[in-house]
Amino acid sequence: MTKQFKTLEDFLGTHFIYTYENGWEYEWYAKNDHTVDYRIHGGMVAGRWVTNQEADIVMLTEGIYKISWTEPTGTDVALDFLPNEKKIHGTIFFPKWVEEHPEITVTYQNEHLELMRESREKYETYPKLVVPEFANITYIGDAGIDNEDVISEAPYDNLPDDIRSGKYFNAEYKRTNK
Ligand SMILES: C=Cc1ccc(O)cc1
C-alpha cells in the first residue's frame with residue numbers, strides 16, 4: 001500500500017503490522033476514532049489479543065498520529081505513528097506484576113477482564129517496566145471502520161505472513177478462512 005497519510009480520516013480504519021527494534025512483533029488496528037484492537041505475535045506477552053480497547057487517537061500534525069490508552073491490567077501505552085515513513089515509536093509502561101506474571105495476560109483479554117482487575121490488585125504495581133522502542137511497519141491495510149474481521153482470532157505462528165502475502169483477507173477485507 002503506497003497510500004499517503006494526511007488527515008485523521010486517512011488513519012482511522014487502518015490495520016498495521018510492525019516489529020519493534022527489540023524484536024517484538026505487534027499487529028494493531030485503528031478500529032474507529034476512540035477504539036483499537038491488537039494482537040501480539042512476538043515479545044514478552046506474545047499470544048495476547050484484545051478488541052475494543054478505548055483509546056485517545058489524535059493527529060499531531062499532517063500524517064503523524066498519537067494514540068494513548070490505559071488497560072485493565074494497569075499497563076499504559078503511548079504510540080506515535082509515522083505511517084508515511086513506515087515508522088512507529090511506542091512506549092509501554094508495564095506494572096511490575098505483568099513483568100513477573102506475563103502468562104496471566106497472554107489470552108483473549110476480553111473474556112478475562114475480571115482476572116485482569118483481580119491480578120492488578122493482588123500483585124505489585126511498582127517499579128514499572130518502561131519499554132520505549134522504535135518499530136518498522138511491515139504491513140499497512142485499509143480495513144475500514146469497525147471491521148470485526150481484522151482482529152478476530154487468536155494469534156498463530158504464520159499469521160503475520162498470511163496477512164502480508166495477501167491470503168488472509170479477501171477484497172472486502174473479510175477473513176478468507178472463516
Ligand atoms: C500493550 C499493548 C500494546 C499494543 C500495541 C503496541 O504497539 C504496544 C503495546
Side-chain angles (χ1 to χ4, degrees), residues 5 11-60 63-113 115-117 119-120 123-141 143 147-148 150-156 159-160 163-164:
F5 290 80
F11 183 72
L12 300 176
T14 310
H15 176 206
F16 297 90
I17 304 174
Y18 45 94
T19 306
Y20 285 104
E21 285 180 347
N22 61 6
W24 296 5
E25 188 176 34
Y26 279 62
E27 187 189 345
W28 184 93
Y29 170 47
K31 194 175 211 174
N32 58 47
D33 67 2
H34 60 279
T35 313
V36 305
D37 292 356
Y38 67 85
R39 188 151 50 190
I40 303 178
H41 298 284
M44 196 177 95
V45 285
R48 173 177 166 77
W49 60 298
V50 170
T51 56
N52 297 320
Q53 170 66 55
E54 185 89 18
D56 186 75
I57 304 177
V58 294
M59 186 169 82
L60 297 175
I64 300 181
Y65 308 90
K66 184 169 198 87
I67 303 90
S68 332
W69 70 91
T70 188
E71 306 207 326
T73 59
T75 302
D76 299 316
V77 185
L79 305 178
D80 297 285
F81 277 75
L82 294 75
N84 296 328
E85 327 292 326
K86 304 275 191 288
K87 293 275 179 206
I88 294 169
H89 187 274
T91 307
I92 315 173
F93 306 79
F94 289 108
K96 184 178 178 187
W97 79 266
V98 176
E99 186 184 6
E100 292 188 331
H101 305 283
E103 71 288 348
I104 298 175
T105 73
V106 175
T107 186
Y108 179 39
Q109 174 173 269
N110 298 60
E111 290 176 350
H112 303 280
L113 291 170
L115 176 63
M116 301 305 139
R117 292 187 193 110
S119 301
R120 78 181 181 203
Y123 300 113
E124 302 267 300
T125 303
Y126 305 104
K128 291 195 175 182
L129 171 65
V130 181
V131 182
E133 290 282 336
F134 283 97
N136 292 305
I137 296 173
T138 59
Y139 172 85
I140 300 180
N147 183 340
E148 298 293 346
V150 178
I151 304 291
S152 56
E153 65 174 327
Y156 59 82
L159 206 166
I163 294 172
R164 281 186 289 253

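Read the numbers this way: they start at 1 and go in the same order the structure lists the ligands and their atoms. The shown structure was predicted, so the numbers you read here are calculated from the model rather than taken from an experiment.
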List ligand 1 atoms under 4.0 Å from [X], heavy atoms only on the residue side.
X: W69; result: 2 (C), 3 (C), 4 (C)
X: E71; result: 1 (C), 2 (C)
X: Y20; result: 6 (C), 7 (O), 8 (C)
X: I92; result: 8 (C), 9 (C)

Nearest non-hydrogen protein atom, atom 3 (C) of ligand 1:
Y26 CE2, 3.6 Å
How close does the nearest protein non-hydrogen atom get to atom 1 (C) of ligand 1, and which residue and atom is it?
V77 CG2, 3.6 Å
Geometric class of the H15/Y29 ring pair [parallel <30°, tilted 30-60°, perpendicular >60°]
perpendicular
Below 30° counts as parallel, above 60° as perpendicular, anything between as tilted: where do the rings of Y18 and Y26 land?
parallel
R39 side chain to Y156 backbone, donor-acceptor under 3.5 Å
no
Relative to ligand 1, is I88 under 4.0 angstrom through side chain, backbone, both or neither, heavy atoms considered?
neither
Among W28, Y65, F16, which residue satisfies the side chain to side chain contact (heavy atoms under 4.5 Å, CB included) criterion with L79?
W28
Sub-4.0 Å heavy-atom contact, Y18 with ligand 1
yes
Would you list the pairs meeting side chain to side chain donor-acceptor pair (under 3.5 Å) in which at least one residue belongs to residues 124-141, sequence neighbours left out?
D76-K128, K87-N136, T138-R164, Y139-Y173
Given side chains that start at C-beta, do those of D80 and I88 come closer than 4.5 Å, heavy atoms only?
no
side-chain contact (heavy atoms from CB on, under 4.5 Å) partners of L129, counting only residues at least two apart:
M44, F94, E99, V131
Only heavy atoms count here, so choose which of Y38, F16, W28 is nearest to atom 2 (C) of ligand 1.
Y38
